[in-house]
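Written out below as structure tokens is the structure these notes cover.
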Amino acid sequence: MSITLATRAAPISGPLPGRQLRTLGMGLGLQSTVLHLMAAHGEIEPFDYVICSDTHRETRAVYEHLRWLQSPNMGLPPITMVTAGDLGADTLASAGTWSGLGGAAADRSTWLQASRVANPPFFTRGPRTVKKSVLVEAMPLLGLPGQTVELIVERHTDRETFGILRRKCTKEYKIEPVTAEIRRILGLAPGERGPSVPIVEHSMGLTTDELERLPSSSASPPFIYLRNPLIEKRMSRGDCDQWRRRRGYPPFPKSRCYFCPFQDDSLWREMKDESPDEFEEACRFDEAIRNGIRGTTTQLFLHSLRIPLREVDFTRPNGLWSVEGLRNECEGVCGI
Ligand code: SF4
């Protein structure tokens, strides 16, 4: 199989010429953990920094996995933890203020008063009538700048609408904090332009079965060269799991926030059975977002059935997401 690497320059086989830094984006899932361990076993070049962005709402199993990786008896290089804040708290703040202002029914000029959040991909269930406000720039007149006016667009539908919000959380809570840390390590001041040529080789844990997730070269600043060592080694997710077994490591949890709507039914069921209080927390979170977050006009749900999470019967198949679900982990690259 021929594989094209989505990198800033033409694919390279050796180290990046002129490299000053080699980093790993640690997503705490199977693949990036395998990369971290491979480097420790001398199977790949070591990393100068292993950087992980914390949403503060990963599952307990993922935080346990992080503690295991950082325990002194593992003898692994340290993981640099960074964060853009608490994704759960920010989402609940947005839901709370939006709801307090009247949500979709509120006067649209109140829109900016509700807390903003780079939202997870919540499932939506909409009303028959959808109202949307758009801000448009009026035509400039006689050389004078135009004013911004707000238009309310109303659309009538025969049936309820079902959809999903565009995922924004990964970029803001996982990718940008890692990029900011790389800038900090390079000594770049906030807002300062970095070098226009790649000097940082940043590795990610993508595998050959995830080629569709390869970010485009424009997804990172010019000074970062994105690298996928597992793809270069022709390794799939299954190969990573075999590598883990051969090395005698215990199974690694699937990295995700506990309320991530992109988890399939097997993961929800596992949480419900093995960590019931965490599942209860997810159910309460699901209830808290029901009336929307800033800018939404529909009800929001964590489960693709668009019914309350605590009412989902996980003992039977529940449609597309129960089959495909979170096919891939967040791993710091989803959504780009
Ligand atoms: S795991 Fe899900 S909710 Fe968390 S950052 Fe990734 S996509 Fe967003």
Side-chain angles (χ1 to χ4, degrees), residues 1 3 5 22-55 57-81 170 174 178 201-215 226-258 260 262-271 273-275 278 323-334:
M1 176 171 61
I3 293 169
L5 297 174
R22 177 169 154 85
T23 54
L24 169 65
M26 164 55 80
L28 295 175
L30 171 67
Q31 289 109 314
S32 55
T33 300
V34 163
L35 275 179
H36 188 37
L37 294 169
M38 273 182 164
H41 283 280
E43 290 187 25
I44 57 174
E45 255 192 283
F47 299 100
D48 299 317
Y49 289 87
V50 178
I51 309 169
C52 176
S53 182
D54 184 7
T55 64
R57 300 290 172 138
E58 298 279 343
T59 62
R60 280 181 209 158
V62 172
Y63 285 117
E64 253 167 53
H65 179 61
L66 173 63
R67 277 193 291 278
W68 176 74
L69 286 172
Q70 292 182 308
S71 63
N73 54 357
M74 288 294 286
L76 293 169
I79 298 175
T80 305
M81 297 302 294
T170 310
K174 293 222 162 177
V178 171
E201 197 180 273
H202 183 65
S203 292
M204 299 184 302
L206 289 174
T207 40
T208 53
D209 43 338
E210 303 178 307
L211 294 180
E212 74 282 2
R213 298 177 75 207
L214 279 170
L226 298 177
R227 196 106 198 218
N228 299 283
L230 295 169
I231 294 179
E232 291 170 17
K233 284 177 164 291
R234 307 291 193 265
M235 285 178 73
S236 64
R237 185 179 170 84
D239 294 332
C240 289
D241 207 40
Q242 275 182 20
W243 184 94
R244 171 193 68 74
R245 283 167 202 251
R246 270 200 312 277
R247 287 287 182 177
Y249 291 115
F252 306 148
K254 199 142 189 166
S255 72
R256 67 197 190 279
C257 301
Y258 70 82
C260 183
F262 274 9
Q263 50 193 319
D264 64 21
D265 277 10
S266 66
L267 290 173
W268 281 125
R269 193 169 46 235
E270 186 183 287
M271 190 193 293
D273 293 346
E274 291 172 20
S275 186
E278 194 169 27
V323 181
E324 292 194 349
L326 186 71
R327 233 194 91 213
N328 303 299
E329 303 174 65
C330 217
E331 283 286 14
V333 288
C334 57

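As a basis for the values below, the full set of heavy atoms in this structure was taken, side chains included, without hydrogen atoms, waters or symmetry mates.
Put simply, the side chain of S236 never gets that close to the backbone of D209: no donor and acceptor are under 3.5 Å apart. In this structure a side-chain-to-backbone donor-acceptor pair under 3.5 Å is missing from S203 to P229. Checking side-chain atoms of Q263 against main-chain N and O of Y258 turns up a donor-acceptor pair under 3.5 Å. For D264 (side chain) and L267 (main-chain N/O), a donor-acceptor pair under 3.5 Å exists by modelled atom type. Without hydrogens or angle criteria, D48 side chain to R22 main chain gives a donor-acceptor distance under 3.5 Å.
To the nearest 0.5 Å, the span separating CG on L30 from OG1 on T207 amounts to 8.0 Å. We find the CE-OG1 distance between M26 and T33 to be 4.5 Å, quoted to the nearest 0.5 Å. Atom CZ of residue F252 and atom CG of residue L37 lie 5.0 Å apart, to the nearest 0.5 angstrom. Taken to the nearest 0.5 Å, the CG atom of L69 stands 5.0 Å off from the CD1 atom of I79. One distance of note links CD1 of I231 with CG of L206; it measures 5.0 Å at 0.5 Å rounding. Here the straight-line distance linking atom CE of M81 with atom CG of L66 works out to 5.0 Å at 0.5 Å rounding.
The side-chain heavy atoms of Y249 and V34, taken from C-beta on, include no pair separated by under 4.5 Å. Side-chain contact between E232 and R227: present, with at least one pair of heavy atoms (C-beta onward) separated by less than 4.5 Å. Taking the side chain as every heavy atom from C-beta outward, R60 and Y63 never approach each other to under 4.5 Å. Side-chain contact check for H202 versus V178: some heavy-atom pair is nearer than 4.5 Å. Side-chain contact between R247 and W243 is present, with heavy atoms from C-beta onward closer than 4.5 Å. Contact annotation: the side chain of L35 never approaches that of V50 to less than 4.5 Å [non-hydrogen atoms, C-beta and beyond].
S32 and G27 make their closest contact through OG-N, 3.0 Å (heavy atoms, listed as atom of the first residue, atom of the second, distance). Taking every heavy atom of both residues into account, T59 and E278 meet most closely at CA-OE2, 3.2 Å. Between L211 and T208, the shortest heavy-atom distance links the atoms CG-O, 3.4 Å. When all heavy atoms are compared, the tightest approach of G205 to Q31 is O-CB, 2.9 Å. The shortest heavy-atom contact between C257 and T55 is SG-OG1, 3.3 Å.
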side-chain contact (heavy atoms from CB on, under 4.5 Å) between M38 and M235: does it pass, once the steps are laid out? CA-CA 13 Å; M38 273 182 164; M235 285 178 73; 3.5 Å; yes

Verdict with supporting geometry, K233 and I44, side-chain contact (heavy atoms from CB on, under 4.5 Å): CA-CA 10 Å; K233 284 177 164 291; I44 57 174; 3.4 Å; yes

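With E58 as the partner, the salt bridge (Lys or Arg N to Asp or Glu O under 4.0 Å) test is satisfied by one option alone out of K174, R256, K254: K174.
Look at R237 and D241 and you find no salt bridge, because none of the NZ, NE, NH1 or NH2 atoms lies under 4.0 Å from a carboxylate O.
For Y49, the OH atom counts as loosely surrounded, since its 6.0 Å shell holds 12 or fewer non-hydrogen atoms of other residues, nucleotides or ligands.
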